[in-house]
Number of protein chains: 2
Amino acid sequence: MNPQAEPVCDEPHAHRRDRRKPSVDEATLGRAAELFAALGDPPRLRLLALLAQGPACVSDLAEDEQEGMSTISQRLKVLRSASLVRRRRQGKHVIYALADQHVVDLVFNALAHASEAQVVGKPKE
Amino acid sequence: MNPQAEPVCDEPHAHRRDRRKPSVDEATLGRAAELFAALGDPPRLRLLALLAQGPACVSDLAEDEQEGMSTISQRLKVLRSASLVRRRRQGKHVIYALADQHVVDLVFNALAHASEAQVVGKPKE
DNA sequence: TCATCGGTTCAATGATTAATGAATTGATGA
DNA sequence: TCATCAATTCATTAATCATTGAACCGATGA
């Protein structure tokens, strides 16, 4: 009575759900989540967008963001422990830069996707 | 005396930092951050990995994860408001699935990257 | 209509996490 | 060595977020 494409659920609870195996190991999943979590904060993501324009030292970033150096340093610490940025000393200054091209792509892709999208609007219910 | 690739900083604070323009608008950045934040939690990411194997209803996901339905439902709510998953009703059940291929790619890429990596280890200092 | 089942929402609680200023470290130049 | 400047760390406080069970909603079948 319902020969459609999607499988029907006439049995009491039969969604074609054969037991799923543990798809990914926890360690991998944890690292991926940590990476996403580091990206999932507007101030930190803005910092990355800034670094995408080129390396910069902490005080310059602090000036751009109009925040204290302590605050910026803490944000960079999170990004660094997720391996998203690198740092090197240069005299009194510490220069930060995006870790690699992969990160650059990740940031740009996310921003591009986020600026498109929103066409359909997200479901409110 | 130092004709290398990286610009040198001999002036008191000259890192080739011409004033940066506001690279991205806040709204876009905010949406991108929300998306990352939704992905940045191991239990939620695990849920997505599970859904990457195919659609499933809440009670099955709850069983797989050995959690209450309320907990799973809340997690799905976060994923849904970030437009990462879709849902449809099927009789008494509500079936969740990844929103689109883009999300599938995103999840797989992240997991792939997280399982490679770690080769160099993250900087402890 | 009523009872039941799957799912969601609500409100309270506990746990993470970000921001902030003070103290500290490290490098430079006097 | 000392003073200074850039940056980090530390400890406190505030804010955010995840979890949980109870109440509620919506579809189904008796």
Side-chain angles (χ1 to χ4, degrees), chain A residues 1-2 8-15 17 30 33-47 55-82 85-97 123-125, chain B residues 8-15 17 30 33-47 55-82 85-97 123-125:
Chain A
M1 210 152 286
N2 214 334
V8 185
C9 178
D10 39 13
E11 290 289 285
H13 199 210
H15 308 286
R17 288 246 328 139
E34 185 193 357
L35 188 131
F36 282 134
L39 291 163
D41 177 63
R44 279 195 299 263
L45 194 53
R46 196 162 47 233
L47 221 40
C57 69
V58 181
S59 37
D60 283 345
L61 292 170
E63 197 200 336
D64 281 340
E65 296 290 87
Q66 290 288 279
E67 300 265 13
M69 270 198 299
S70 176
T71 301
I72 299 298
S73 186
Q74 299 272 34
R75 290 177 190 163
L76 288 169
K77 187 197 181 105
V78 174
L79 294 175
R80 202 164 79 92
S81 86
V85 300
R86 285 159 180 269
R87 69 173 174 183
R88 68 190 143 93
R89 266 219 114 105
Q90 194 168 87
K92 290 181 183 176
H93 294 266
V94 176
I95 313 288
Y96 280 84
K124 263 317 169 213
E125 172 65 21
Chain B
V8 186
C9 178
D10 41 11
E11 289 288 285
H13 198 211
H15 308 285
R17 287 246 328 138
E34 185 193 358
L35 188 130
F36 283 134
L39 292 162
D41 177 63
R44 280 196 300 263
L45 194 53
R46 197 163 45 235
L47 221 40
C57 69
V58 180
S59 36
D60 283 345
L61 292 170
E63 197 200 337
D64 283 339
E65 295 290 87
Q66 290 289 278
E67 299 266 14
M69 270 198 299
S70 176
T71 302
I72 299 298
S73 187
Q74 298 273 34
R75 289 177 189 164
L76 288 169
K77 187 196 180 106
V78 174
L79 294 175
R80 202 164 78 92
S81 87
V85 300
R86 286 160 179 272
R87 68 172 175 185
R88 69 191 143 91
R89 265 219 114 111
Q90 195 167 89
K92 289 183 184 176
H93 293 266
V94 176
I95 313 288
Y96 280 84
K124 264 320 168 212
E125 171 58 23

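We name chains A, B, ... by the order of the sequence lines, and we start the count at 1 in each one.
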* **Test side chain to side chain donor-acceptor pair (under 3.5 Å) applied to Arg46(B) - qualifying residues, sequence neighbours left out** => Glu26(A), Glu65(B)

* Asked: Between atom CZ in Arg88(A) and atom P in dA6(D), what is the gap in whole Å?
  -> 17 Å

* Asked: Is the shortest side-chain N/O distance from Tyr96(B) to OP1 or OP2 of dG6(C) below 4.0 Å?
  -> no

* Separation of atom CD1 in Ile72(A) from atom C1' in dA18(C), rounded to whole Å -> 12 Å

* Asked: Between Gln90(B) and Arg88(B), which heavy-atom pair has the shortest distance, and what is it?
  -> NE2-NH1, 3.1 Å

* To do: Indicate the atoms forming the closest heavy-atom contact of Glu34(B) with Ser81(B), along with that distance.
  => OE2-O, 3.3 Å

* Asked: Atom CE of Met69(B) to atom P of dA22(D): distance rounded to whole Å?
  -> 14 Å

* To do: Using atom NE2 of His93(B) as one end and atom P of dT8(C) as the other, report the distance to the nearest whole Å.
  => 12 Å

* To do: Can you tell me the distance, in whole Å, between the CG atom of Leu45(A) and the C1' atom of dA18(C)?
  => 16 Å

* To do: Specify the separation, in whole Å, of atom CG of Asp60(A) and atom P of dA6(D).
  => 10 Å

* Asked: Whole Å only: how far is the NZ atom of Lys77(B) from the C1' atom of dC25(D)?
  -> 13 Å

* To do: Search all heavy atoms of Leu35(A) against all heavy atoms of Ala82(A) and return the closest pair with its distance.
  => CD1-O, 4.1 Å

* Taking all non-hydrogen atoms of both residues into account, name the closest pair between Pro43(A) and Arg75(A) and its distance. => CB-CZ, 3.4 Å

* Structure fact -> In B/S/- notation (B base, S sugar-phosphate only, - none; protein heavy atoms under 4.0 Å), nucleotides 19-30 of chain C written 5' to 3' is SBBB----SS--

* Structure fact -> Sorted by chain and residue number, the side-chain contact (heavy atoms from CB on, under 4.5 Å) partners of Val94(A) (sequence neighbours excluded) come out as Arg87(A), Arg89(A), Tyr96(A)

